[in-house]
S.K.: 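First the structure, which I've put down as structure tokens, then a few questions once you've had a look.
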Amino acid sequence: MAMEKNFDAGTSEARIYEAWEKAGAFKAGANATRDDTFCIMLPPPNVTGSLHVGHAFNHTLMDILTRWKRMQGFDTLWQPGLDHAGIATQLQVEKMLAATNQPSRRELGREKFLEKVWEWKEKFGGTIVEQDKRLGTSMDWDRLAFTMDEQFHDAVLKVFVDMYAKGLITRGKRLVNWDPHFETAISDLEVENTEVAGHMWHFKYKLAGGETYEYIEKDEDGAVTFRETRDYISIATTRPETMLGDGAVAVNPKDARYAPIVGKMVHLPLCDRLIPIVSDEYPDPDFGSGAVKITGAHDFNDYQVAKRCNLPMYRLMDTKGAMRADGLPYEDCVARAREIAAGAVAGEMEIDSLNLVPEKYRGMDRFDARAAVIADITAAGLAVTTLVKSIDEDTGAEHMEAVPVVDNKPVMQPFGDRSGVVIEPMLTDQWFVDTAKIVQPALDAVRSGRTKIIPESGEKVYYHWLENIEPWCISRQLWWGHQIPVWYGLDLGYEQPLETEGDLDEVDLHKLLIEGGMMHRKDVYHCAASFEAVTEAFKGEIADTPTPINHARIIEVADKQEAMETLAAALGQYAVDQDPTKLVYPVWRDADVLDTWFSSGLWPIGTLGWPQDTDALKKYFPTNVLVTGQDILFFWVARMMMMQLAVVDDIPFDTVYLHQLVRDEKGKKMSKTTGNVIDPLEIVDEYGADALRMTNAAMASIGGVLKLSVERIKGYRNFGTKLWNATKFAEMNEVFSQYDPSVMPTPTATLNKWIIGETAKVRMDVDAALGAYRFNDAALGLYAFVWGKVCDWYVELSKPLFYDGDEAIKAETRQTMGWVLDQCLIMLHPIMPFITEELWAMTGVTRRKMLVHADWPSFGTELIDTHADREMNWVIGLIDSIRSARAEMHVPAGLKVPLVIVDIDANGDAAFANNKAMIEKLARIDGVTRVAQMPKGAVTIAAEGATFGLPLAGLIDVAEEKARLQKSLDKLAKEMGGLKGRLNNPNFVASAPEEVVAEARENLAARQEEDAKLKAALTRLAQIG
RNA sequence: GGGUGUAUAGCUCAGUGGUAGAGCACUUCGUUGACAUCGAAGGGGUCACAAGUUCGAACCUUGUUACGCCCA
């Protein structure tokens, strides 16, 4: 069967992949010949996602490791799966609903909407899996996991319940990053801070009671530069609309300008409230006026100040980022706020219920409200102004006009990474992981080296982040995800105990429902994995209420509103029929879901079957290596470390390999707007998966920048063709019909001995490289070996043996070449699985297994024949020298020329005799003779222990040959200068390692020998002309 | 502002103390019985700058400059 001219990736890849799958080649434990395990968790791609170059890169590296270990006989598992990706998926499905004119999410309601999500997932959620197969990834697809699978879901809830029970998860009103588009809290890692053009406005807050003070500015020497009597304090803000919720004005305690008025009250413009001037370290006296308005509910810095100074934090906006329109009328709210400012005690719940947005602004979008606030403050004469002179065009009269001061100033603004809208700091009820309590083991694991991060710089970043870790907000106001397993009930406890003993009368009922103001009271809540499990806790909760409520049946309702209505109805009914069996106590489940990273934080144990003590868990956990982008070191890697250690008290993996973002060839981020996106599937279509994979491997230096260029991919496609054609050459020379793959060659010819040693060297290099995650070294080492050694030299030098050798030489060369090519296929397989598997099938009639399960070699230095090594290097050097001289002398490439041996030592003599046919063929020599002295007009070829000549009299230009020799002499002189300099330095000889000194001596001797020969040649030429 | 990197051939990048490397690009030559997706030969570098450690520095230390990323 004659081989085609090159590998047809387009038609072969799918067939080969199918064969692997059919053979179960990727199943956990396939090809295992030892107990050692090797396990990689695929970082679960977003279920909405499709394969991009980043995945292609990331998955290539994992596949290389997995295939390598599998061939080595490890019990291997590469665990695939998908992430449910809360916001992204919910958004995708909502878009789909809108595009297909279906009812919206809110119209559908939670349950129906989730059905739609599942439908969508079944239909489109697997795209990336099929795309991944085109890349050749060898994952155990039978184990494909999903973070919303029932088993995984149960594991996530179990962890929540356990961590809650241990006090590691808590609920509280905290300032969070609120995304007004998705109407959910997001973590600070999901916020992108971008500098945008902003403005700074300056307002006057007047002192209460018409008080005044002496405002004095001084320069560095303490000399007074400005002095005036003021009845206001000047504040600066980039967000004027938040002033409606101010709780105070803060000044730095060291700021002398405001020292006289600290503790006094100021009028809050547009509001009927007085707020105090407080002293706090936060304001920078040199920035703006030095006085900062404090809005605890809408700014992270202000929040800290408000907590320190015990200021009320009034929430101004609703979930969409509009000014609040709920609650009691402004007058009622502000009246209560005045009482609070005067010292009345108010709880968190009550303060949050107060809507201090004046009627005028209620319901306005936050940005419209900003404009309105500015206009109103300016109209009230409370904007800080500067006088601007203008001249009336008609009258020529000069006017002095007071214009508000507005500074143009770049400000850092937070944006939601998914929604792109400005994030609003918002005071809301959220669930938090108290990360400070679980961070230590995660730090220790890396510090002690139990888990190693590559590159090392990743460890520093990891420490820095974990040492300064913030509580992790894990609740998200979404529907798609793991709903928080917490149920709430109405608080029936009562400040003043009900007067009745035992039974409930109508007066008590009234108190419970109306006077108790249940709506504004805190709820009671319990956490458990299911409603059934939480029922017990609520029975305990109502045990101390009057009979018969304490025996009420616990039922689940949708929300608090329904709970109050249900309870009222039940109590009303009881008042009528006195039938205690109909009494119910309604509870409702927390509507929020968990942060997607909370669930993917459990990926290693969750996919292996935890909390069941499965065989897979016992066998493969802790896993070996996590390969992922360094951008999710915090999002995911650090959290997995904390979570596995907190839950099962073990590290999730022993090595973390971090890589950078894949960029375009100029180093720019790929983006649709820039139009520089490379689609990996298009690359696979055009150049084959192997070329893309080889490129990925070659780019993967530790910590390296990943710039993907199509030119490079093309180069590696050519490499595949080269390998193909070398195999074709072997096939044409009957290698595969004669070769026995189960027999190790034991050749006699130097060439064959040499290439076996070279193969052994590259085997050691490749294993060392992959063991150190130096994928680029492995890829480039194989490239250099296959192309530079096997194709350029071994195949070329084998031609004289095949064409002119005797049968014994031909036979051993066939056996050697077959073996060498097999080793090439085996070692290249992890990087280029398709073409190697194809060649494996085409070249071996007696293969025991597919290449995917071939045994990885372990041979090493024992296969290196130092004598053969020396001899071949001498031959190759000689051929190089002759070729070089020919080319520089413009000897026509096709012309065969004679060679003379002027002098030669015993080693050279043997080497020349052993390889004469090869030298003649590759250097295009016709006729070798020994001469006593160099013929006139010959080109001198210097080799170790020998001098050759090319008698080209008449063919060569003497001046050109002189120039060539001189150039070589110059280069030699420079090299010898360096070597002599070192060797003449007594300190070098004394301090440098022996072998370094010996090597330098040898080098110098060799150069001196060559130098002498070339100088002699130059002298001879000088005699001619 | 804090953290953390990078700077080596025209381009993209390797190179953890011992004579500066690869691929691509470039120049010249070549339809030699695997391959023109190829072969042969060649040109091309003050290893950002400065100081230090060392017998010896692209590599270690310090500083400077420029650029990148992460977090504020």
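Letters A, B, ... are given to chains in the order of the sequence lines, protein chains preceding strands, and every chain is numbered from 1. Side chains included, hydrogens not; waters and symmetry mates left out as well; all remaining heavy atoms used.
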S.K.: How would nucleotides 29-48 of chain B be written as a contact map, 5' to 3', with B for base contact, S for sugar-phosphate-only contact and - for no contact, using protein heavy atoms under 4.0 Å?
M.R.: ----BBBSBSSSSSS-----
S.K.: Any idea how Trp636(A) and Trp597(A) line up, ring-wise: parallel (<30°), tilted (30 to 60°), or perpendicular (>60°)?
M.R.: tilted
S.K.: Leu979(A) CG to G56(B) P: how many Å, rounded?
M.R.: 17 Å
S.K.: Mind checking which stems touch RNA chain B? I mean at least 3 consecutive Watson-Crick or G-U pairs, both distances under 3.5 Å.
M.R.: B:1-7 with B:65-71, B:10-13 with B:21-24, B:26-30 with B:38-42, B:48-52 with B:60-64
S.K.: Take a 6.0 Å sphere around CD of Gln413(A) and say whether it holds more than 12 heavy atoms from other residues, nucleotides or ligands.
M.R.: yes
S.K.: CD of Glu975(A) versus C1' of G18(B): gap in Å, rounded?
M.R.: 15 Å
S.K.: In whole Å, what is the span from the CG atom of Asn177(A) to the C1' atom of A72(B)?
M.R.: 13 Å
S.K.: If you measure from the P atom in G43(B) to the same atom in A48(B), how many Å do you get, rounded?
M.R.: 24 Å
S.K.: If the condition is ring-ring contact (aromatic ring centres under 6.0 Å, His included), which residues does Phe719(A) pass it with, not counting sequence neighbours?
M.R.: Tyr783(A)
S.K.: Whole-Å distance between U6(B) P and Gln630(A) CD?
M.R.: 11 Å
S.K.: Between Arg964(A) and Glu961(A), does any side-chain N to carboxylate O distance fall below 4.0 Å?
M.R.: yes
S.K.: If you compare all heavy atoms of Val820(A) against all heavy atoms of Thr759(A), which two are closest, and at what distance to 0.1 Å?
M.R.: CG2-OG1, 3.9 Å
S.K.: Could you tell me the separation between the CD atom of Glu192(A) and the C1' atom of A72(B), rounded to a whole number of Å?
M.R.: 15 Å
S.K.: Can Glu999(A) and Arg982(A) be counted as an ion pair, charged N to O under 4.0 angstrom?
M.R.: no
S.K.: Pick out the pairs of N or O atoms, protein on one side and nucleotides 1-5 of chain B on the other, that lie under 3.5 Å.
M.R.:
from	atom 1	to	atom 2	distance (Å)
G5(B)	OP1	Lys460(A)	NZ	2.5

S.K.: Considering only the C1' atoms, how many Å lie between U8(B) and A57(B), rounded to the nearest integer?
M.R.: 14 Å
S.K.: Determine the contact category for Asn985(A): base if any of its heavy atoms lies under 4.0 Å from a base atom, sugar-phosphate if only primed atoms, P, OP1 or OP2 are that close, otherwise nothing.
M.R.: sugar-phosphate
S.K.: Classify the angle between the aromatic ring planes of Phe7(A) and Trp724(A) as parallel (below 30°), tilted (30 to 60°) or perpendicular (above 60°).
M.R.: tilted
S.K.: Between Tyr783(A) and Ala698(A), just flag the one whose closest nucleotide in RNA chain B comes earlier from the 5' side.
M.R.: Ala698(A)
S.K.: Arg774(A) near the nucleic acid: base, sugar-phosphate alone, or nothing, with a heavy-atom cut-off under 4.0 Å?
M.R.: sugar-phosphate
S.K.: Rounded to the Å, how far apart are Trp465(A) CH2 and A72(B) P?
M.R.: 10 Å
S.K.: In whole angstrom, what separates Glu711(A)'s CD from C24(B)'s P?
M.R.: 10 Å
S.K.: What nucleic acid atoms does Pro993(A) come within less than 4.0 Å of, heavy atoms only: base, sugar-phosphate, or nothing?
M.R.: base
S.K.: Do Arg1007(A) and Glu1010(A) pass the salt bridge (charged side-chain N to carboxylate O under 4.0 Å, His left out) test, and can you show the C-alpha distance, the side-chain angles, and the key distance before you say yes or no?
M.R.: CA-CA 5 Å; Arg1007(A) 270 157 190 71; Glu1010(A) 194 180 349; over 6 Å; no
S.K.: If we take the P atom in both G33(B) and G23(B), what is their distance in whole Å?
M.R.: 25 Å
S.K.: Quick one: ring-ring contact (aromatic ring centres under 6.0 Å, His included) partners of Trp793(A), sequence neighbours excluded?
M.R.: none
S.K.: Heavy-atom count around Lys916(A) NZ within 6.0 Å, excluding the residue itself: above 12?
M.R.: no
S.K.: Can you name the closest pair of heavy atoms from Ile879(A) and Ala923(A) and give their distance?
M.R.: CG2-N, 4.4 Å
S.K.: Could Arg239(A) and Glu424(A) be called an ion pair, given the rule that one side-chain N must be under 4.0 Å from one carboxylate O?
M.R.: yes
S.K.: Roughly how many Å apart are C60(B) and G17(B), using the C1' atom of each and rounding to a whole number?
M.R.: 8 Å
S.K.: Using the C1' atom as the point on both nucleotides, what is the distance between G15(B) and G21(B), in whole Å?
M.R.: 7 Å
S.K.: With C1' as the reference atom in both, quote the distance from A50(B) to C55(B) in angstrom, rounded to an integer.
M.R.: 23 Å
S.K.: Between C13(B) and U6(B), how many Å separate the two C1' atoms, rounded to a whole number?
M.R.: 12 Å
S.K.: Who are the ring-ring contact (aromatic ring centres under 6.0 Å, His included) partners of Tyr739(A), not counting sequence neighbours?
M.R.: none
S.K.: With RNA chain B as reference, determine whether Met699(A) or Phe988(A) sits nearer its 5' end, using the nearest nucleotide of each.
M.R.: Met699(A)
S.K.: Could you tell me how far G44(B) sits from G56(B) if I compare only their C1' atoms? Round to whole Å.
M.R.: 27 Å
S.K.: Quick one: Glu999(A) CD to U19(B) C1', roughly how many Å, whole number?
M.R.: 9 Å
